[in-house]
Amino acid sequence: MMEYSRTKIARLAGSMYLLLILFGVVSIMYIPSQIIVWDDAAQTVQNIKQNKTLFELGIIFGIFCYLSYLFLALALFQLLKEVNKIHAWIMLILVSVSVPIALSSVISQMDIISLLEEKHYMQAIDEGLLHAKVMLSLDSFNNGIIVAQVFWGLWLFPFGYLVYTSGFLPKFLGVMLMIGCFYYFMASIAQIGFPSYNEGIIDTGLSFCAMIGEFGICLWLLIIGDRSGVFKKKKQQLA
């Protein structure tokens, strides 16, 4: 692969990673925090009705988030397959498995729009049952994200290993990504098996490593792209 094309693919991957982060933060973290009150179904339904555009925007951003994730994995596969093809395939497969799981959770959000907008649903279901169905759909959305998060963790290990062994990406970020794998995986398993579990100091440290790894590699790919290409140009200028 030519140096120029590798840098170009790296920056494409960085762009996809940035979109993934932005769309993910808005659709998975910010918008739900503004609308969902888990212990108050009536307030949650009222919030959705009053902020319908925001809720629908969360659905759209969620779809863009998961599509960006898939395109990111494809770009990284092209970038890193020459480092180790087996690990590159494992990385791509783990992402490919997670995307339909995450997209299925979006369907649960769309079901809520149908429940609250279709008059025949409103007439056939009493208010208490309607609120329960909305909260059940939100639970289904949240459960889908938790299951997808298992794979969001697992893919970081082969990705981090490829970064570490690439020779043109920082080894430090590869280590952070591999540590981040254990954080996401442990966090998702804890939410499935131990819903009342609270994060401790170790979890906070692992999440910090994951954040450093993901934000760091995103910016590196986007701004620098290929370190070996940068060094090569400097050597040519000095010659």
Mind listing the closest non-hydrogen atom pair of [X] and [Y] along with its distance?
X: Met178; Y: Tyr164; value: CE-CB, 4.2 Å
X: Leu138; Y: Ile36; value: CD2-CD1, 3.9 Å
X: Ser137; Y: Asp111; value: OG-CB, 4.3 Å
X: Asn142; Y: Trp38; value: CB-CH2, 4.2 Å
X: Cys218; Y: Gly14; value: SG-O, 3.8 Å
X: Ala88; Y: Lys81; value: CB-CA, 3.8 Å

| task | Report the residues that fulfil ring pair (Phe, Tyr, Trp, His ring centres under 6.0 Å) with Trp89, sequence neighbours left out, ordered by chain and then residue number. | result | Phe77

| message | Quick check against the 3.5 Å criterion: does Thr44 have a side-chain atom that pairs as donor or acceptor with the backbone of Val37? | response | yes

| task | Using modelled atom types only, decide if a donor and an acceptor are shared between the side chain of Asn84 and the backbone of His87 within a distance under 3.5 Å. | result | yes

Would you say that [X] contacts [Y] through its side chain, given a criterion of any heavy-atom pair below 4.5 Å between the two side chains?
X: Phe157; Y: Leu94; value: no
X: Ser15; Y: Leu222; value: yes
X: Phe172; Y: Ile212; value: yes
X: Leu116; Y: Leu130; value: yes
X: Leu19; Y: Met16; value: yes
X: Ile113; Y: Ile59; value: yes
X: Ile145; Y: Phe141; value: yes
X: Tyr183; Y: Cys209; value: no

| task | Check the pair Phe185 / Leu156 against side chain to side chain contact (heavy atoms under 4.5 Å, CB included), numbers first and verdict last. | result | CA-CA 10 Å; Phe185 182 75; Leu156 289 177; over 6 Å; no

Distance in Å, [X] [atom1] paired with [Y] [atom2], rounded so as to fall on 0.5 Å steps:
X: Ser27; Y: Leu22; atom1: OG; atom2: CG; answer: 10.5 Å
X: Leu154; Y: Ile90; atom1: CG; atom2: CD1; answer: 11.0 Å
X: Met91; Y: Ser96; atom1: CE; atom2: OG; answer: 9.5 Å
X: Thr165; Y: Lys171; atom1: OG1; atom2: NZ; answer: 7.0 Å
X: Ile112; Y: Lys133; atom1: CD1; atom2: NZ; answer: 12.0 Å
X: Phe71; Y: Leu12; atom1: CZ; atom2: CG; answer: 10.0 Å

[X] and [Y]: same hydrophobic cluster, using ILVMFWY side-chain contacts below 4.5 Å?
X: Ile63; Y: Val25; result: yes
X: Ile60; Y: Leu70; result: yes
X: Val45; Y: Leu136; result: no
X: Leu67; Y: Ile107; result: no

| message | Please list all pairs meeting salt bridge (Lys or Arg N to Asp or Glu O under 4.0 Å) that have one or both residues in residues 216-225, counting only residues at least two apart or in different chains. | response | none

| field | side chain to side chain contact (heavy atoms under 4.5 Å, CB included) assessment of Leu72 paired with Val95 | value | CA-CA 9 Å; Leu72 165 64; Val95 172; over 6 Å; no

| task | Count the heavy atoms belonging to other residues, nucleotides or ligands that lie under 6.0 Å from CZ of Phe55, then report whether that count exceeds 12. | result | yes

| query | Under 30°, 30 to 60°, or over 60°: which ring-plane class applies to Trp155 and Tyr69, parallel, tilted or perpendicular? | reply |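 Aromatic pair Trp155/Tyr69 classed perpendicular.
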
| request: Specify whether Phe64 and Phe23 have parallel, tilted or perpendicular ring planes, treating 30° as the upper limit for parallel and 60° as the lower limit for perpendicular. | output: tilted

| field | Basic-acidic side-chain contact under 4.0 Å: Glu117, Lys52 | value |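 A salt bridge links Glu117 with Lys52.
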
| request: For Val97, enumerate each residue passing the side chain to side chain contact (heavy atoms under 4.5 Å, CB included) test, keeping only those at least two apart in sequence or located in another chain. | output: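 Expected list: Ile93, Ile101, Phe151.
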
| task | Quick one: do Leu76 and Leu221 satisfy side chain to side chain contact (heavy atoms under 4.5 Å, CB included)? Show the steps, please. | result | CA-CA 10 Å; Leu76 289 173; Leu221 291 169; 4.0 Å; yes

